[in-house]
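Okay, so here's the structure we're looking at.
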Amino acid sequence: MRLGRVAPLLLALALVATLTGSATAGDPRWVFYTTDKTHYTSPWFKGAHRIMIPFGCTTAPYYSPDPRCRNDRGFHHGLDVAMPCGTPLYAAVRLRAMPHDSLGSAYGDNPVLLRNRKRGFDLVIGHTRKVYVKPGDMVAKGTMFARANDRGAPDGCHLHFERRAVGGGLSTAVKPRALLALTPRRESR
Ligand SMILES: [Zn+2]
C-alpha cells in the first residue's frame with residue numbers, strides 16, 4: 001500500500017530531473033538578440049537563464065517596423081528570458097490577477113496580466129500555458145502563478161516580461177529590467 005504512494009513521487013522526481021537536464025541542453029528555436037551570455041537568477045523565475053531579446057528596438061524579425069527605431073527595426077515592449085518549457089514563474093511582489101482579454105494574440109492564448117496599484121504597474125507575462133491564478137485573485141509574494149511556455153511565440157519557450165502603467169496598455173510599456181531584478185549567477189563550474 002505504501003509503494004502506491006511512493007511510485008508517483010519517484011515519477012515526479014524523474015520528471016524534475018528531466019526538466020533540469022533540458023535547462024543545459026537549451027531549445028533549438030532560441031536565437032539570442034544580445035551579446036550578453038550571462039545566466040541570471042530572478043525572484044520572478046526558477047533557475048538561471050539568459051536574456052533572449054532585450055526591451056526596445058531590436059533586429060529580431062518578429063516585430064513590424066516601428067517609427068522609434070532606425071533601419072526598419074521593430075520595437076520589443078518587454079524583455080525575453082529564454083528558459084525551458086515549464087519553468088516555474090513566481091510573484092516577486094504581491095499582485096492582483098486581471099483579465100487578459102485586452103492583450104491580443106501576440107502573447108499567446110493564455111497570458112497573464114498582473115497589477116500592483118500601490119507601486120503603479122501592470123505586468124504582462126506572455127506565452128504561458130499553465131496558469132494557476134484567475135482574474136480577481138490576490139497573488140501573494142512568492143506564489144508560483146504560472147509556468148513558462150511558447151504559446152504564440154515562434155522562438156521557443158521563454159518568459160516575456162512587460163511592464164506597463166496601471167490600465168495603460170501597450171504604449172505605456174517601459175524598461176522592465178529593474179523590476180525583473182536580474183542577478184548574475186555565480187559561476188561555480
Ligand atoms: Zn517578448
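These numbers come from a predicted model, not from an experiment. Atoms within each ligand, like the ligands themselves, are counted from 1 in listed order.
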Hey, can you tell me if Y63 and H76 have their rings parallel, tilted or perpendicular (30° and 60° cut-offs)?
tilted
Taking the N/O/S atoms of D80 one by one, which is nearest to the Zn ion (ligand 1)?
OD1
Euclidean distance, R119 CZ relative to R94 CZ, rounded to 0.5 Å
13.5 Å
I need the L89 CG to K46 NZ distance, nearest 0.5 Å.
12.0 Å
Which class fits the ring pair F45 and H49: parallel under 30°, tilted 30 to 60°, perpendicular over 60°?
tilted
Quick check: of its N, O or S atoms, which one does H160 have closest to the Zn ion (ligand 1)?
ND1
Decide, counting backbone as well as side-chain atoms, whether H77 has an N, O or S atom less than 2.8 Å from the Zn ion (ligand 1).
no
